[in-house]
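In what follows, a single structure is set out as C-alpha cells and then discussed.
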Amino acid sequence: SKAIRENPALCLFICLIEAWMREGGDPAWPEFAAPAGEGIGYDMLYIYPAIPTMAESVAYLRSRNVPEDVIAGTMQEYDRCIADGEYRDGRATMTVRLCSWMRTVIENRLINIDRLNYDIPGHYFEHVRIFRKESETVVLASGLTLHRSGRILGAAGCDDATGSFVAAITETENSVTGHKVVKGIVERETITLSKADWEQVLCDDDLVPRIHIPRQGSFDAESIQASIDRARQVFATCYPDMPYKAIFCESWLLSEDLKD
C-alpha cells in the first residue's frame, strides 16, 4: 500500500480502473495499460480497484439471505485469484487477467458454494434441447455444424470439413426429430421422439447457472455432489426470482478423452 500511495501514477490508474469497472468495463481492454514497474506495488496493483466494492458485494449477498459461510467463500475468490497468480508466476500477484475475472464478484455474478463456483444469474442454454421419459434422458443437438466424427467443426483436430453435417431439430405436432448427443459426440443419424412419451425439460430459452472449478481443492465425486446439492438449496431459497431448471459445466475436466 505504501508503494502505491507514494506513486501518483499508480493511484490515478487505480481510480480509473475502479470507475471503469463500476460502469461494467473490462480492465483487460488494451486502452488501460498499467504503468510499467517492478515490485509488490505493481504485482498487486489490480487488487486495489476491487477493495472499495467488497463491502457492497457482502451487503448484496446478505440482502438475499445468502448463508454467511457462502458469503465468506465467495469473497475468498480474491485470495484464490492471488494464489492462482502465485501458481503461474512464482510470486503473489493480481494480474489484469485475474482482475477481469474478479468482475464476476464485483458485479454479483459469482457465488461460491463449498467446492464450486456458480455463475449468477446464469447463461441461456444453447444448441441443445433435453427430453426425459421416466428415468431416461435424451439430448438433441441444435444449430451446430459438426465434424464427421461428431465433434464440433473447428474444434482441436476437427478442422477438415469433409463429411461434416448440420444438426438441426425438426418438430411436428406429435414428435421431435434430431441428432442425439452421446458422451459429447453428436450422432449423424437422427432419432424421433414422440411427444406423448417424452417431456422437454430444457431448451434454448432456459437460464442455467454455469459451474466453474477453482484450482484449489479436491475433485472427488463426494465434494462435487455435495456442492451441487447445496447449490440447489441456496438457489431456491436466496434466488427465488431466478427459477433454474438445471446447472451445467463445460470444463475440459469432463472430457471423455481423458479416459483414454
Side-chain angles (χ1 to χ4, degrees), residues 1-86 88-89 91-113 116-124 207-216 231 234-235 237-242 244:
S1 298
K2 182 176 183 292
I4 293 176
R5 186 170 60 249
E6 295 176 352
N7 188 322
L10 291 184
C11 290
L12 181 60
F13 183 76
I14 289 170
C15 292
L16 175 65
I17 292 298
E18 179 193 345
W20 179 240
M21 288 197 298
R22 285 184 180 276
E23 293 295 323
D26 188 341
W29 283 20
E31 289 85 348
F32 297 104
E38 297 180 353
I40 188 66
Y42 292 89
D43 288 344
M44 298 301 296
L45 176 64
Y46 283 99
I47 190 66
Y48 287 91
I51 290 175
T53 71
M54 293 179 181
E56 298 167 18
S57 297
V58 171
Y60 173 80
L61 294 171
R62 284 177 175 162
S63 74
R64 283 190 169 272
N65 296 315
V66 173
E68 287 296 319
D69 66 309
V70 173
I71 294 175
T74 300
M75 301 310 297
Q76 285 169 9
E77 188 66 14
Y78 292 98
D79 300 292
R80 287 188 285 270
C81 281
I82 293 172
D84 187 63
E86 185 172 15
R88 294 173 183 272
D89 302 326
R91 65 186 190 281
T93 61
M94 174 62 80
T95 65
V96 65
R97 179 187 65 82
L98 294 171
C99 183
S100 180
W101 165 253
M102 287 313 307
R103 290 170 56 219
T104 58
V105 177
I106 293 170
E107 298 171 7
N108 301 306
R109 294 187 286 111
L110 187 84
I111 189 169
N112 172 266
I113 302 177
L116 303 173
N117 288 338
Y118 299 83
D119 276 350
I120 300 293
H123 299 260
Y124 287 103
L207 197 63
V208 293
R210 180 168 59 187
I211 288 173
H212 297 280
I213 306 171
R215 179 186 301 278
Q216 302 83 2
V234 171
F235 294 153
T237 303
C238 306
Y239 297 86
D241 52 323
M242 304 176 191
Y244 301 121

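In what follows, every heavy atom counts, from backbone to side chain, and hydrogens, waters and symmetry copies are set aside. All of these numbers come straight from a predicted model, not from anything done at the bench.
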When you compare the side chain of Leu45 with that of Leu10, does any pair of heavy atoms fall below 4.5 Å?
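Leu10 reaches Leu45 side chain to side chain.
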Would you say that Ile120 contacts Tyr239 through its side chain, given a criterion of any heavy-atom pair below 4.5 Å between the two side chains?
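Result yes, sub-4.5 Å side-chain heavy-atom pair found.
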Verdict with supporting geometry, Ile111 and Val66, side-chain contact (heavy atoms from CB on, under 4.5 Å):
CA-CA 10 Å; Ile111 189 169; Val66 173; 4.1 Å; yes
For residues [X] and [Y], report the shortest heavy-atom separation together with the two atoms involved.
X	Y	value
Pro214	Arg80	CB-CD, 4.0 Å
Thr237	Pro240	O-CD, 3.8 Å
Met94	Cys81	CE-CB, 3.8 Å

Met102 vs Ile47, test: side-chain contact (heavy atoms from CB on, under 4.5 Å). Steps then yes/no.
CA-CA 9 Å; Met102 287 313 307; Ile47 190 66; 6.0 Å; no
Using only atom types and a distance under 3.5 Å, with no angle test, would you say the side chain of Arg103 pairs donor to acceptor with the backbone of Gly25?
yes
Say whether, by atom type as modelled, one donor and one acceptor occur between the side chain of Arg64 and the main chain of Cys238 under 3.5 angstrom.
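The answer is yes, because a donor-acceptor pair under 3.5 Å joins these two groups.
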Starting at [atom1] of [X], measure out to [atom2] of [Y] and round the result to the nearest 0.5 Å.
X	Y	atom1	atom2	value
Asp79	Gln216	CG	CD	9.5 Å
Tyr78	Cys99	OH	SG	8.5 Å
Tyr48	Arg5	OH	CZ	9.0 Å
Asp43	Thr93	CG	OG1	6.5 Å
Leu61	Thr74	CG	OG1	5.5 Å
Met21	Glu107	CE	CD	9.0 Å

Please confirm whether Phe235 and Tyr118 have ring centers closer than 6.0 angstrom.
yes
If you apply the rule salt bridge (charged side-chain N to carboxylate O under 4.0 Å, His left out), what do you find for Arg97 with Asp26, and how did you get there?
CA-CA 10 Å; Arg97 179 187 65 82; Asp26 188 341; over 6 Å; no
I would like to know whether Val105 and Met75 meet side-chain contact (heavy atoms from CB on, under 4.5 Å); could you show each step before the answer?
CA-CA 8 Å; Val105 177; Met75 301 310 297; 4.3 Å; yes
Would you say the side-chain atoms of Glu77 and Asn112 include a donor-acceptor pair closer than 3.5 Å?
no
Where do Asn7 and Phe13 land on the side-chain contact (heavy atoms from CB on, under 4.5 Å) test, with the steps shown first?
CA-CA 10 Å; Asn7 188 322; Phe13 183 76; over 6 Å; no
Is any NZ, NE, NH1 or NH2 atom of the basic residue among Asp84 and Arg88 found under 4.0 Å from an Asp or Glu carboxylate oxygen of the other?
yes
Charged N to carboxylate O below 4.0 Å: is that the case for Glu56 and Arg22?
yes
